[in-house]
Structure formats: C-alpha cells, structure tokens
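Residue numbers count from 1 along this sequence.
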Amino acid sequence: MSSSNSRLRTTLRWLAAIGFFAAGANHFRDPVMYGRIIPPGFPNPPLLVAASGVCEMAGGLGLLIKPLRRAAGWGLIALLLAVFPANVYMALRPRRFADLGLAPWMLWARLPLQGLLIAWVEWVARKPGPTGRR
C-alpha cells in the first residue's frame, strides 16, 4: 500500500474512532434524547441506549488497537445495522423529532449514510493489502 494511502487510512481510522467514541459518550450525556429515537416495541430503551453507547465507545477505541481492529470494525458494523430501525423511525415521524432542528430531508438522508459509514468502518478496520485478508 502506498504511503499516502496508508496516511489516509490512518487519518480516517482516527476520525472514525473519535467520532464513534464521542457519539457513544453522548448517549450518557443525553440518554433521554437517544431513548426517544428507539422505535416503540423495542424492550428497555434505557438499557439499549446505555449498551449502544458502550459499544460505540468500545468500537471506537478498538479501531485504534491493532489486534482488536478487525473485531472492532465488525462490531461497529453490527451496531450500525442494529440502530438502523431508529433512523427509519425518525425519518417516518419527522414531526416527533422537530425539536432536534433537523429538516425531514436530513432524516431521510441519514439512511443511505449508514451504508457509507459501514463502508468507512470496513475500510479502516481492514488489514492493509490488496485484499485485506491475512
């Protein structure tokens, strides 16, 4: 892998790690807001908020620890898939979340962004090389 590609991957890994850690920490700063976005029917929203926050923080840190990087990446990808129903719920009920200051189109735009986040995490967690395999 070229040195510029390696620098880019490292920079994007750090950005992902910081972003996920900060987002996870935010679950504990504002648990009520995160609880609101959990669709009805999901059990124990406070526990889900705390668990997802811990997973985001752990995944973010794990991206920075080489022996844990792949597992952290897969864990974050699983988390991004697990929280997708909350993003759909918000997009389908924009008036319920009007106080967050997000235009309805922004709530819809978040849906495909999940795919981009998944691709980002997969790329920065992958072992460098032509295939990313060992």
Side-chain angles (χ1 to χ4, degrees):
M1 176 165 46
S2 74
S3 124
S4 62
N5 200 13
S6 177
R7 281 192 304 273
L8 176 62
R9 188 185 302 261
T10 299
T11 299
L12 290 176
R13 181 181 302 119
W14 273 91
L15 286 173
I18 292 166
F20 277 104
F21 190 87
N26 202 43
H27 284 63
F28 298 97
R29 191 184 67 74
D30 195 359
V32 172
M33 192 283 298
Y34 285 93
R36 282 178 53 207
I37 70 173
I38 295 175
F42 279 71
N44 201 343
L47 178 62
L48 293 176
V49 169
S52 60
V54 166
C55 289
E56 280 186 290
M57 293 168 63
L61 288 175
L63 288 176
L64 301 177
I65 302 169
K66 195 170 187 174
L68 301 177
R69 188 168 294 150
R70 279 304 281 162
W74 284 113
L76 287 170
I77 289 168
L79 180 67
L80 288 165
L81 293 171
V83 302
F84 192 71
N87 295 338
V88 172
Y89 177 62
M90 290 179 75
L92 292 173
R93 291 169 181 76
R95 285 189 291 201
R96 187 177 191 316
F97 304 102
D99 62 308
L100 298 178
L102 298 172
W105 71 266
M106 295 171 99
L107 298 174
W108 284 100
R110 289 177 63 207
L111 301 179
L113 285 177
Q114 290 291 105
L116 291 175
L117 283 172
I118 288 169
W120 179 1
V121 167
E122 194 283 325
W123 191 68
V124 300
R126 175 190 318 157
K127 182 179 183 244
T131 64
R133 295 191 177 110
R134 293 182 183 217

Check the pair Tyr89 / Phe97 against ring-ring contact (aromatic ring centres under 6.0 Å, His included), numbers first and verdict last.
CA-CA 10 Å; Tyr89 177 62; Phe97 304 102; 5.7 Å; yes
CA sep, side-chain torsions, deciding dist, call: Leu80, Phe20, side-chain contact (heavy atoms from CB on, under 4.5 Å)
CA-CA 11 Å; Leu80 288 165; Phe20 277 104; 4.1 Å; yes
One pair to check against side-chain contact (heavy atoms from CB on, under 4.5 Å): Arg70 and Glu122. What are the steps and the verdict?
CA-CA 8 Å; Arg70 279 304 281 162; Glu122 194 283 325; 3.7 Å; yes
Would Arg9 and Arg126 count as a side-chain contact (heavy atoms from CB on, under 4.5 Å) here? Give the steps.
CA-CA 10 Å; Arg9 188 185 302 261; Arg126 175 190 318 157; 4.1 Å; yes
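In this structure, CG in Leu92 is found 4.5 Å from CH2 in Trp108, a value given to the nearest 0.5 Å. Between atom CE of residue Met33 and atom CG of residue Asn26 there is a gap of 6.5 Å, rounded to the nearest 0.5 Å. Rounding to the nearest 0.5 angstrom, the gap separating the CG atom in Leu113 from the CE atom in Met106 is 10.0 Å. To the nearest 0.5 Å, atom SG of residue Cys55 and atom CG of residue Leu48 are 10.5 Å apart. How far CG of Leu117 is from CG of Leu81: 11.0 Å, rounded to the nearest 0.5 Å. Taken from CZ in Phe84 to CD1 in Ile118, the straight-line distance is 8.5 Å, to the nearest 0.5 Å.
Contact between Ile37 and Ala86 at its shortest, heavy atoms only, is O-CB, 3.3 Å. Among all heavy-atom pairs drawn from Gly35 and Val49, the shortest one is N-CG2, 3.5 Å. Taking every heavy atom of both residues into account, Gln114 and Asn87 meet most closely at CD-ND2, 3.2 Å. What you find for Ala125 and Gly73 is that their closest heavy atoms are CB-CA, 3.7 Å. Of all heavy-atom pairs spanning Pro39 and Pro85, the tightest one is CG-O, 3.6 Å. Residues Pro112 and Ala109 share a closest heavy-atom pair of CD-O, 3.2 Å.
A single hydrophobic cluster is seen to contain both Leu107 and Leu100, as judged by linkage of ILVMFWY side chains at heavy-atom distances under 4.5 Å, directly or through other members. Note on Val54: it clusters hydrophobically with Met57, by side-chain heavy-atom contacts below 4.5 Å among ILVMFWY residues. Residue Leu63 is grouped with residue Ile77 when hydrophobic side chains (ILVMFWY) are merged at heavy-atom distances under 4.5 angstrom, including chains of intermediate members. Under the 4.5 Å side-chain heavy-atom criterion for Ile, Leu, Val, Met, Phe, Trp and Tyr, Met90 and Trp105 are members of the same hydrophobic cluster. Note: the hydrophobic cluster containing Tyr34 does not contain Val83 (ILVMFWY, side chain heavy atoms under 4.5 Å, direct or indirect links).
Taking 4.0 Å as the cut-off between side-chain N and carboxylate O, Asp99 and Arg36 count as a salt-bridged pair.
Between the side chains of Arg7 and Ser3, a donor-acceptor pair is found at a separation under 3.5 Å.
Between the Trp120 side chain and the Leu12 main chain, a donor and an acceptor come within less than 3.5 Å of each other.
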